[in-house]
Amino acid sequence: MTPFTRRVIHILKQIPAGKVMTYGQVAKAARSPRAARQVVRILHSMSKKHHLPWHRVINAKGQIVIKDDEERMEQKWLLDLEGVEISLSGYVNLEKYQFHYDIQTDENEFDQYSNKD
DNA sequence: ACGTTGACGACCA
DNA sequence: GTGGTCGCCAACG
């Protein structure tokens with residue numbers, strides 16, 4: 001469990017129902033702007049254990065991109081339950097449903113570990 | 001230590 | 001809108 005992984009998990013848990021974040025956005029919030037693919041890896045390996053809202057993470061185009069058919073269906077179903085509209089072609093309107101994570105809040109919560117003046 | 005692996009993202013055709 | 005290339009980088013074997 002690296003600090004990066006810990007931050008990603010911390011962030012994911014803050015996405016409210018009915019909202020979504022993109023992989024890149026989560027990576028950026030975790031202070032590694034180009035580590036979107038690592039977010040993917042974390043979702044793969046730790047969603048169950050840490051009860052992560054994995055279905056609330058989609059790609060930068062607002063598209064549902066899970067490869068596995070069953071999981072993709074489940075994701076659409078879960079988002080639908082939360083009131084997130086999905087187009088027939090599998091797109092979510094980011095303008096409407098994207099969760100704008102406040103990185104300041106995150107930094108404050110980690111102040112206890114850092115010694116900034 | 002090194003090559004591979006991704007539910008990515010930006011860019012271009 | 002769709003599909004391909006290329007760069008990215010932490011985790012894994």
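Since this is a predicted model, take the numbers as computed values, not measurements. The sequence lines fix the lettering, A, B, ..., with proteins before strands; numbering per chain opens at 1.
Using a 3.5 Å distance cut-off with no hydrogens or angles, the side chains of A:Y101 and A:Q14 do pair a donor with an acceptor.
Residues A:I42 and A:V26 form no side-chain contact, since every pair of their non-hydrogen atoms from C-beta on lies 4.5 Å or further apart. The shortest distance between side-chain heavy atoms of A:W54 and A:I66 falls below 4.5 Å.
For DNA chain B, the neighbouring residues in residues 32-40 of chain A, judged by any heavy atom under 4.0 Å, are A:A36, A:R37, A:Q38, A:V40. Contact check of residues 51-58 of chain A against DNA chain B (heavy atom, cut-off under 4.0 Å) returns A:W54. Interface residues of residues 77-94 of chain A facing DNA chain B, ordered by number: none; criterion, heavy-atom separation under 4.0 Å.
Distance CD1 (A:I66) to P (B:dG6): 14 Å, rounded to an integer number of Å. Distance, A:I64 CD1 to B:dC8 P: 12 Å, rounded to whole Å.
Within the structure, salt bridge (charged side-chain N to carboxylate O under 4.0 Å, His left out) pairs that include any residue of residues 34-46 of chain A do not occur (at least two apart or interchain). For residues 78-88 of chain A, the pairs satisfying side chain to side chain donor-acceptor pair (under 3.5 Å) are A:H55-A:E82, A:R56-A:E82, A:E85-A:K96, A:E85-A:Y97, A:S87-A:S89, with sequence neighbours left out.
In this view, A:A27 and A:A35, A:V39 satisfy the side-chain contact (heavy atoms from CB on, under 4.5 Å) rule, not counting sequence neighbours. A search for salt bridge (charged side-chain N to carboxylate O under 4.0 Å, His left out) contacts involving A:E71 returns nothing, not counting sequence neighbours. Residues that satisfy the salt bridge (charged side-chain N to carboxylate O under 4.0 Å, His left out) test with A:E74, not counting sequence neighbours, are absent from this structure. For A:D69, the salt bridge (charged side-chain N to carboxylate O under 4.0 Å, His left out) criterion is met by A:R72, not counting sequence neighbours. Contacts of A:T2 classified as side-chain hydrogen bond (donor to acceptor under 3.5 Å, both in side chains), with partners at least two apart in sequence or in another chain: A:T5.
Counting heavy atoms of neighbouring residues, nucleotides and ligands inside a 6.0 Å radius, atom NZ of A:K28 does not exceed 12 of them.
Heavy atoms only, all atoms of each residue included: A:Q98 and A:T22 are closest at NE2-CG2, 3.7 Å. Contact detail for A:N59 and A:V65: the closest heavy-atom pair is ND2-CG1, 3.1 Å.
Hydrophobic clustering places A:L12 together with A:F99 (ILVMFWY residues linked when any side-chain heavy atoms are closer than 4.5 Å, directly or through intermediates). In the hydrophobic clustering of ILVMFWY residues, with side-chain heavy atoms under 4.5 Å counting as a link, A:L52 and A:I15 come out together.
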Please enumerate all protein N or O atoms sitting under 3.5 Å from an N or O of nucleotides 11-13 of chain B, with distances to 0.1 Å.
none

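With a heavy-atom cut-off of 4.0 Å to chain A, the contacted part of DNA chain C has its first and last nucleotide at C:dT2 to C:dA11.
Nearer to the 5' terminus of DNA chain B, by closest-nucleotide assignment, is the contact made by A:R41 (compared with the other of A:R41 and A:Q25).
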